[in-house]
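Quick notes on the structure that follows.
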Amino acid sequence: MSNFVYVLMGVSGSGKTTVAKELLKRHDISYIDGDYLHPRSNILKMSSGEPLNDDDRAPWLKLINNAVFAMQKTNQVSVIICSALKKKYRDIIRESNQNLRFLFLNADFDSIYKRLESRVGHFQKPQMLISQFEALEIPGEDEKDVYFIDASQNVDGIIEAITDIALKQNADK
């Protein structure tokens, strides 16, 4: 099997949705926004300004894992948006999914906070960014399937970096 699934990961406001939409415009890929897989209880909790805990996230991460499995069986290239903040979350998503890569959209707190302040209609509130950064476990060298992408650059630069990674994956198979 040579199909790849890329998880666009990072804290809320790092650009995951914007980048995924731009990838869809430029390339023939399949895409799922992991936010749509959250149970209603999680969405209501986040909408009220309360951060999710690991128990809240567990069923959601299993659904993301299942989506990765299905997408790698049916699509040449797929993208899933998922914050994947902790290593144990990424490990749940990795389970039995060999053709999976994480694209970590990495930027500093202040840059992302400014983005969140300008958002309209999203359930993630800017004040919740603090809890996202507290939960974030920056991928280490042991996570060889994670690629760091500078999320502070413009969308074209991010798309170029992702395209280079995807092309390398295809060349290596």
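Hydrogens, waters and symmetry mates play no part in the numbers below; they use all other heavy atoms, side chains included. Predicted model, so just to flag it, every value in this text is computed and none were measured.
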Looking only at heavy atoms, which two atoms of [X] and [Y] are closest? And how far apart?
{"X": "A20", "Y": "V79", "result": "CB-CG1, 4.4 Å"}
{"X": "L129", "Y": "V11", "result": "CD1-CG2, 3.9 Å"}
{"X": "S152", "Y": "A107", "result": "N-CB, 4.2 Å"}
{"X": "P39", "Y": "W60", "result": "CD-CB, 4.3 Å"}
{"X": "I93", "Y": "N65", "result": "O-ND2, 3.1 Å"}
{"X": "R90", "Y": "E137", "result": "NH2-O, 3.0 Å"}

Check: Parallel, tilted or perpendicular: which fits the ring planes of F104 and F148, with parallel below 30° and perpendicular above 60°?
Finding: perpendicular
Could you tell me whether [X] and [Y] have a side-chain N and a carboxylate O separated by less than 4.0 Å?
{"X": "E143", "Y": "R94", "value": "yes"}
{"X": "D91", "Y": "K88", "value": "no"}
{"X": "D108", "Y": "K114", "value": "no"}

Do [X] and [Y] make a side-chain contact, defined as non-hydrogen atoms from C-beta onward lying under 4.5 Å apart?
{"X": "L103", "Y": "M9", "value": "no"}
{"X": "F4", "Y": "Q72", "value": "no"}
{"X": "L63", "Y": "P59", "value": "no"}
{"X": "L100", "Y": "F102", "value": "yes"}
{"X": "N106", "Y": "I149", "value": "no"}
{"X": "N99", "Y": "V5", "value": "no"}
{"X": "N3", "Y": "K73", "value": "no"}
{"X": "I158", "Y": "I162", "value": "yes"}

Checklist line | Heavy atoms from other residues, nucleotides or ligands near CG of D142 exceed 12 (cutoff 6.0 Å) | finding: yes
Item checked: Flag if over 12 foreign heavy atoms under 6.0 Å of CD, Q153 -> yes
Check: Should I43 and S47 be marked as a side-chain contact (heavy atoms from CB on, under 4.5 Å) after you check the CA-CA gap, both sets of side-chain angles, and the distance that decides it?
Finding: CA-CA 6 Å; I43 293 171; S47 295; 4.0 Å; yes
Pairwise distance [atom1]([X]) to [atom2]([Y]) - rounded to 0.5 angstrom:
{"X": "L8", "Y": "C82", "atom1": "CG", "atom2": "SG", "result": "10.0 Å"}
{"X": "D150", "Y": "S14", "atom1": "CG", "atom2": "OG", "result": "11.5 Å"}
{"X": "H38", "Y": "D33", "atom1": "NE2", "atom2": "CG", "result": "9.0 Å"}
{"X": "R101", "Y": "K144", "atom1": "CZ", "atom2": "NZ", "result": "12.5 Å"}
{"X": "I159", "Y": "T18", "atom1": "CD1", "atom2": "OG1", "result": "9.5 Å"}

Cluster check [X], [Y]: I/L/V/M/F/W/Y, side chain < 4.5 angstrom:
{"X": "M71", "Y": "I92", "result": "yes"}
{"X": "L85", "Y": "F133", "result": "yes"}
{"X": "F69", "Y": "V7", "result": "no"}
{"X": "V155", "Y": "Y6", "result": "yes"}

Notebook entry, point to check: With N66, which residues qualify under side chain to side chain contact (heavy atoms under 4.5 Å, CB included), at least two apart?
Noted result: none
Next item on the list: Please answer whether the main-chain N or O of A135 pairs with a side-chain N or O of K86 as donor and acceptor at a distance below 3.5 Å.
Entry: no
Note to self: Closer than 3.5 angstrom, by distance alone: can the side chain of R57 be matched with the main-chain N or O of L52 as a donor-acceptor pair?
What the structure shows: yes
Checklist line | Step-by-step side-chain contact (heavy atoms from CB on, under 4.5 Å) determination, N53 to K45 | finding: CA-CA 10 Å; N53 60 40; K45 191 172 185 178; 3.6 Å; yes
Notebook entry, point to check: Is there a side-chain contact (heavy atoms from CB on, under 4.5 Å) between E95 and K62 once you walk through the steps?
Noted result: CA-CA 9 Å; E95 188 178 327; K62 292 286 188 190; 4.2 Å; yes
Notebook entry, point to check: In chain order, what residues pass the ring pair (Phe, Tyr, Trp, His ring centres under 6.0 Å) check against Y89, with sequence neighbours excluded?
Noted result: none
Notebook entry, point to check: Can you tell which of I81, L23, I80 makes a side-chain contact (heavy atoms from CB on, under 4.5 Å) with Y31?
Noted result: I81
